[in-house]
Amino acid sequence: MEKNELISIGQCKHGLDAKAAKTVKQVFMNNGSFNGKIYALPPAIVASIRTLDLYQGELREPSFQRIETEMDVSECTLERLMIDQAMLPASIDYSNPEKIYWPKAAINKAAYLVYMREISAFMLPFLQNRLLTLIRCPEGVEKESFFQKHLPDYAPAFIDRMTVDGETFMICNSLESLLWFANHGGIEFHVPFNQADTPYPNEIVFDLDPPSRERFDLAIQAAVVIKELLDKLQLISFVKLSGSKGLQIHIPIKEKSMTYEQTALFTQGIAQTVENQYANLFTTERMKKNRHGRLYIDYVQHGKNKTIVTPYSARKKDEGTVAAPLFWEEVNDDLLPQQFTIHNVVDRVKEKGCPFADYQIAREQQKLDNLFSLLE
DNA sequence: GCTTGTG
DNA sequence: CACAAGCAACGCGAG
DNA sequence: CTCGCG
């Protein structure tokens, strides 16, 4: 959008009482230029308009609220309209909505905040009651980034937190929290495999990390092989794109049904089974130089004090990719690692539903008998 | 993005 | 005042 | 021991 370009978003006729209407009319007739039909003023007066939404470039059922004497015309931007219209929590002061967060994907901060609002219902369950590790890029994904685990002193009271040994950590339990973190440049949301109030994991995750995006086919092969093994064990599993190069397989398990020691034995066992079966394709070799282009099954990444990117979290990647939950049928040769982004994931979920919709139900239904007999 | 420390 | 820095963490192997 | 790495 051209800078300083005026965008018409319709007319507003309702909401003015007789007196206010007369005042506005006088302002235009006294100060405006008349072209024989209408009086026009350069952009100078700011007013609040209540509306249903913006549909095909026009406000629906706009209604005048009030003149905003304290507001400058320069604040009336398309970004501000996007934010106002997305029903973001009003308790947060959204700064720099026009700031570009993903230059190559043409995503600004306003668009990111709107994405987070729209995906929140699908993302929040996976953040619930877990200590949060954030990767923040307040100047965009191409600029400096940093990790954050500790709650900043200035954080508002509505951010949940937990203090352990005098250290206070962040928890993202609400829409408000999610958008507060996003407004502070929080791009990647990572969480551990256990809830904050227990040392027991309630999910197991395999991280399938090919050496490059060009070898994404390895991640697909590994996922299919592991899925077969999990099916044989009658374990319910879910799969998502990491949003980077690979795939991640999630197995929800009931709270307190396994210790981290047991889940580590299991992931190690599966990873080594797959490695032995397809030694030319997959490896659990930690050293990069010993992997020889094979896919690294990072079973160490599942464990105490480790974290995994949350479903639907954005990634610090040029394309604006997100960690997108998939249907297992989608794990085939047509799948691309960069397929799902901030641009298209909300529509995808609205059309097809969330592939992780039954995640919490599966956690309760999960039968671990076969898994445990494997560990013996 | 915001706070704190330094010149 | 204008700045720059900090904002996680741990284990392991190589040097 | 410190440094890189995931």
So does [X] get a side-chain nitrogen or oxygen closer than 4.0 Å to the phosphate oxygens (OP1/OP2) of [N]?
X	N	result
A:Asn96	B:dG1	yes
A:Lys99	B:dG1	yes
A:Lys306	C:dG11	no
A:Tyr101	B:dG1	yes

Please state how far atom [atom1] in [X] lies from atom [atom2] in [N], giving the value in whole angstrom units.
X	N	atom1	atom2	result
A:His302	C:dC10	NE2	P	18 Å
A:Ile187	C:dC7	CD1	C1'	15 Å
A:Lys304	C:dA9	NZ	P	17 Å
A:Ile159	B:dC2	CD1	C1'	14 Å
A:Phe189	C:dA8	CZ	P	16 Å
A:Lys289	D:dG4	NZ	C1'	13 Å
A:Leu179	B:dG1	CG	P	14 Å
A:Asp298	C:dG11	CG	C1'	12 Å

For atom [atom1], what is the distance between [N] and [M], given to the nearest Å?
N	M	atom1	value
C:dC10	B:dG1	C1'	28 Å
C:dA8	B:dG5	P	16 Å
C:dA9	D:dG4	C1'	14 Å

Under 3.5 Å side-chain donor-acceptor pair for [X] and [Y]:
X	Y	value
A:Tyr260	A:Asn194	yes
A:Ser91	A:Glu176	yes
A:His150	A:Gln148	no

Task: Mutual orientation of the aromatic rings belonging to A:His184 and A:Tyr154 [parallel < 30°, tilted 30-60°, perpendicular > 60°] - done: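 Answer is parallel, since the angle falls under 30°.
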Open item on the list: Below 4.0 angstrom, which residues in residues 131-156 of chain A have at least one non-hydrogen atom near DNA chain B?
Closed with: A:Arg136, A:Pro138, A:Phe146, A:Tyr154
Open item on the list: Atom CD of residue position A:Glu61 - does it have more than 12 heavy atoms of other residues, nucleotides or ligands inside 6.0 Å?
Closed with: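 12 or below, so no.
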Task: A:Glu167 side chain, from C-beta outward: closest of D:dG6, B:dG1, C:dA9 - done: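 Selected nucleotide: C:dA9.
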Task: First encountered from the 5' end of DNA chain C, between A:Asn290 and A:Asn305 - done: A:Asn305
TODO: May I ask you to decide if A:Lys367's main-chain N or O and A:Gln365's side chain share a donor-acceptor pair within less than 3.5 Å?
DONE: no
Open item on the list: Let's go through A:Glu330 and A:Arg348 carefully: what are the C-alpha distance in whole Å and the side-chain angles of both, what is the deciding distance for salt bridge (Lys or Arg N to Asp or Glu O under 4.0 Å) to 0.1 Å, and is it a yes or a no?
Closed with: CA-CA 13 Å; A:Glu330 295 175 305; A:Arg348 163 182 163 82; 2.8 Å; yes
